[in-house]
Trainee: 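One structure is given below, represented as structure tokens, and several questions about it will come after.
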There are 2 protein chains.
Amino acid sequence: MRISELSRRSGVSVTTIKYYLREGLLPPGRQTAATQAEYDDQHLRRLRLVRALTGVRGLSVSTTREVLDALTEHTGDTHLVLGLALGAVRLSDEAAAHPPETAEVDALVKELGWAVNEAAPARATLAETLASLRSLGVPVDARTLLPYARLAERTAVLDLDQLTGLADPLEAAERALLLTVLLEPALMALRRMAQENESARRHAAE
Amino acid sequence: MRISELSRRSGVSVTTIKYYLREGLLPPGRQTAATQAEYDDQHLRRLRLVRALTGVRGLSVSTTREVLDALTEHTGDTHLVLGLALGAVRLSDEAAAHPPETAEVDALVKELGWAVNEAAPARATLAETLASLRSLGVPVDARTLLPYARLAERTAVLDLDQLTGLADPLEAAERALLLTVLLEPALMALRRMAQENESARRHAAE
DNA sequence: TAACATAGATAGTGAAGGTATCCAATGGGT
DNA sequence: ACCCATTGGATACCTTCACTATCTATGTTA
């Protein structure tokens with residue numbers, strides 16, 4: 001298909017598609033002439049993926065590019081792709097500039113018995129959150145997070161279960177990415193509703 | 001204290017503080033003369049809160065204002081503040097324009113037995129996420145979310161436990177907000193690490 | 001009273017994420 | 001075989017956001 005059909009089928013304007021091509025979010029089409037290129041279903045799929053990551057999750061264009069690069073370069077190894085993709089998705093860019101003290105978090109990870117990369121940005125995210133909460137007078141430490149971590153373990157089991165039975169490695173890697181990144185707003189939405197429910201329960205019980 | 005001391009103690013530049021005052025993120029100081037105003041610890045606390053919400057969580061200035069307004073206007077009722085504050089934090093602004101079909105999600109909430117506001121934006125967030133995942137070929141439905149919801153229930157219990165024993169209602173409301181909003185990146189970081197661990201475990205087991 | 005700080009107003013900045021316009025080269029419909 | 005809308009590629013422009021800088025009149029302090 002040509003660019004106008006790609007635009008029509010995805011709902012993304014032609015100029016925006018051109019912008020994504022420039023930014024490397026979308027691989028160039030197969031050139032058929034000097035001013036003609038051919039796009040296929042891969043492009044359409046990729047375009048929808050880009051819109052999901054930027055729109056639903058609010059990833060920046062540059063982060064999206066890093067994530068997609070990890071996805072296409074290491075398609076074979078789902079475990080590796082997950083690590084790379086998630087590493088690229090920084091929750092906050094501040095951490096890179098001022099790497100916080102992660103000793104406390106490292107101890108937590110050790111106590112949990114988790115096999116997690118030493119350089120995982122998630123460690124910095126945790127340390128930063130703890131520091132912020134404490135500066136605002138909320139008494140939290142790594143131990144506070146322990147029961148949350150146990151629930152996260154069970155969430156991860158559910159996540160990984162969704163990936164079984166996918167033969168195509170590209171498909172598996174892509175689904176891993178989607179479930180990890182796109183499910184985040186949904187899980188937070190569930191938490192908020194559960195909080196509302198729990199708050200109402202306790203309120204009524206008094 | 002005057003603005004320069006507020007700046008020094010918070011690490012936020014004087015010009016930025018003036019900007020926050022203009023934007024209504026910070027209440028004006030007590031005027032002592034035509035070109036002089038006095039700020040107190042409330043302002044310092046509020047300023048740190050603003051930096052935490054915008055910096056750690058990445059909330060926009062306007063969203064932050066809505067959240068803080070809910071916090072100060074309904075200080076007495078923690079349950080209400082939580083609802084309002086969380087309602088103001090839209091995960092994605094798209095939902096407001098194109099309200100998605102929430103029937104499926106509503107059924108899930110009913111099955112869970114949760115007492116949740118009919119108009120809660122979290123419902124739309126869930127519906128939108130499901131729609132996105134399906135458009136990308138991931139076979140999910142509301143039932144898929146059920147086990148996640150059960151884990152969210154237990155997370156919410158932990159959250160509400162952190163709020164017990166706070167006499168001052170403003171403090172309780174503020175802490176509720178902090179734990180809900182600031183803990184989000186931390187919980188997602190835990191989930192990612194847990195996924196990495198679980199992925200490694202299954203990889204090794206083969 | 002001289003030097004410096006402050007409040008308030010207005011204008012400017014830089015990054016991000018597009019959008020619009022131009023151009024030469026097609027290429028499907030007649 | 002012709003013609004004009006479409007295309008790819010390049011460049012310039014636009015809008016929003018979150019600050020940042022500058023200016024002026026007024027205070028404060030040593």
Side-chain angles (χ1 to χ4, degrees), chain A residues 1-40 43-44 47 49-68 88-90 92-94 96-97, chain B residues 1-40 43 47 49-68 89-90 92-94 96-97:
Chain A
M1 74 189 87
R2 282 162 307 177
I3 201 170
S4 62
E5 189 178 348
L6 188 61
S7 167
R8 196 173 39 70
R9 289 225 264 160
S10 64
V12 178
S13 77
V14 170
T15 43
T16 300
I17 293 175
K18 286 183 175 183
Y19 168 64
Y20 289 159
L21 286 167
R22 280 202 302 283
E23 294 296 317
L25 293 186
L26 215 53
R30 188 174 53 82
Q31 286 266 126
T32 61
T35 67
Q36 220 76 23
E38 185 72 11
Y39 305 91
D40 57 22
H43 289 92
L44 181 57
L47 187 50
L49 181 55
V50 167
R51 294 302 279 199
L53 293 178
T54 59
V56 176
R57 197 25 241 281
L59 293 192
S60 72
V61 166
S62 64
T63 301
T64 304
R65 181 177 41 234
E66 287 176 49
V67 170
L68 293 179
V89 182
R90 271 166 214 81
S92 113
D93 301 318
E94 324 258 321
Chain B
M1 76 187 87
R2 283 162 306 178
I3 201 170
S4 60
E5 189 179 347
L6 188 61
S7 167
R8 196 172 39 71
R9 290 226 263 160
S10 65
V12 178
S13 77
V14 170
T15 44
T16 300
I17 293 174
K18 286 184 176 182
Y19 167 65
Y20 289 159
L21 286 166
R22 281 201 302 282
E23 293 296 318
L25 293 186
L26 216 52
R30 187 175 53 81
Q31 287 265 126
T32 60
T35 67
Q36 221 75 23
E38 184 72 12
Y39 304 92
D40 57 23
H43 290 90
L47 187 50
L49 181 55
V50 166
R51 294 303 277 197
L53 294 178
T54 59
V56 176
R57 199 24 242 281
L59 293 191
S60 73
V61 166
S62 66
T63 302
T64 303
R65 180 176 43 237
E66 286 175 51
V67 170
L68 294 177
V89 182
R90 271 166 214 81
S92 113
D93 302 317
E94 324 257 320

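A note on names: the letters A, B, ... follow the listed sequences, proteins ahead of strands, and every chain is numbered from 1.
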Trainee: I want to verify a distance call: between D:dT28, C:dT26, C:dT19, whose nearest atom is closest to the B:R2 side chain?
Mentor: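 The nucleotide sitting nearest to the side chain is D:dT28.
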Trainee: Between C:dA16 atom C1' and A:L53 atom CG, what is the distance in whole Å?
Mentor: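 Whole-Å distance recorded here is 17 Å.
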Trainee: To the nearest Å, give me how far apart CZ (B:R22) and P (C:dA11) are.
Mentor: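 That distance rounds to 12 Å.
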Trainee: What is the distance, rounded to the nearest whole Å, between atom CZ of A:R65 and atom P of C:dG18?
Mentor: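 Computing the A:R65:CZ to C:dG18:P distance gives 13 Å.
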Trainee: Of B:R51 and B:Q36, whose nearest nucleotide on DNA chain D comes first from the 5' end?
Mentor: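 Its nucleotide being nearer the 5' end, the pick is B:R51.
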Trainee: Find out whether A:I3 and A:K18 are in side-chain contact, i.e. whether some heavy atom of one side chain is under 4.5 Å from a heavy atom of the other.
Mentor: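 Yes - at least one pair of side-chain heavy atoms lies under 4.5 Å apart.
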Trainee: Out of B:V61, B:L26, B:L25, B:V14, which one pairs with B:Y19 under the side chain to side chain contact (heavy atoms under 4.5 Å, CB included) rule?
Mentor: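 In the set B:V61, B:L26, B:L25, B:V14, the residue that makes a side chain to side chain contact (heavy atoms under 4.5 Å, CB included) with B:Y19 is B:V61.
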Trainee: Between D:dA18 atom P and B:L25 atom CG, what is the distance in whole Å?
Mentor: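 One finds 9 Å between P of D:dA18 and CG of B:L25, rounded.
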Trainee: Out of the candidates B:Q31, B:R30, B:R2, only one should pair with B:Q36 under the side chain to side chain contact (heavy atoms under 4.5 Å, CB included) rule; please name it.
Mentor: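 The option that passes is B:R2.
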Trainee: So which nucleotide from C:dA7, D:dG8, D:dC19 ends up closest to the side chain of B:V61?
Mentor: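 The closest nucleotide is D:dC19.
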Trainee: With a 4.0 Å cut-off on heavy atoms, is B:T54 in touch with a base, just the backbone sugar-phosphate, or nothing at all?
Mentor: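 It contacts nothing in the nucleic acid.
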Trainee: Run B:T16 and B:R51 through side-chain contact (heavy atoms from CB on, under 4.5 Å) and show every step you take.
Mentor: CA-CA 11 Å; B:T16 300; B:R51 294 303 277 197; 3.9 Å; yes
Trainee: What is the distance from CD of A:E38 to C1' of D:dT6, rounded to the nearest Å?
Mentor: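 From A:E38 CD to D:dT6 C1': 14 Å.
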Trainee: Atom CD of A:E23 to atom C1' of C:dT19: distance rounded to whole Å?
Mentor: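 So the CD-C1' distance, A:E23 to C:dT19, works out to 14 Å.
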Trainee: Here's a test of your reading of the structure: between A:Q31 and B:T32, which maps to the more 5' nucleotide of DNA chain D?
Mentor: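 Checking each residue's closest nucleotide, the 5'-ward one belongs to A:Q31.
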Trainee: In whole angstrom, what separates B:L21's CG from D:dT20's P?
Mentor: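 After rounding, the reported distance stands at 15 Å.
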Trainee: I want to check one thing: is the phosphate of C:dG18, taken as OP1 and OP2, less than 4.0 Å away from some side-chain N or O of A:Y20?
Mentor: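 So the side-chain polar atoms of A:Y20 do come within 4.0 Å of the phosphate oxygens OP1 or OP2 of C:dG18, strictly under.
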Trainee: Check whether any side-chain heavy atom of B:H43 lies under 4.5 Å from a side-chain heavy atom of B:Y20, and answer yes or no.
Mentor: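 Answer no - side chains too far apart.
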Trainee: Could you list by number each residue of residues 3-19 of chain B showing a heavy-atom separation from DNA chain C of less than 4.0 Å, or answer none if no residue does?
Mentor: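 When residues 3-19 of chain B is checked for heavy atoms under 4.0 Å from DNA chain C, the hits, listed by number, are B:I3, B:S4, B:K18.
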Trainee: For the side chain of A:T54 and the backbone of A:L59, is there at least one donor-acceptor N/O pair under 3.5 Å apart?
Mentor: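 No.
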Trainee: Could you walk me through whether B:R65 and B:L68 pass the side-chain contact (heavy atoms from CB on, under 4.5 Å) check?
Mentor: CA-CA 5 Å; B:R65 180 176 43 237; B:L68 294 177; 5.9 Å; no
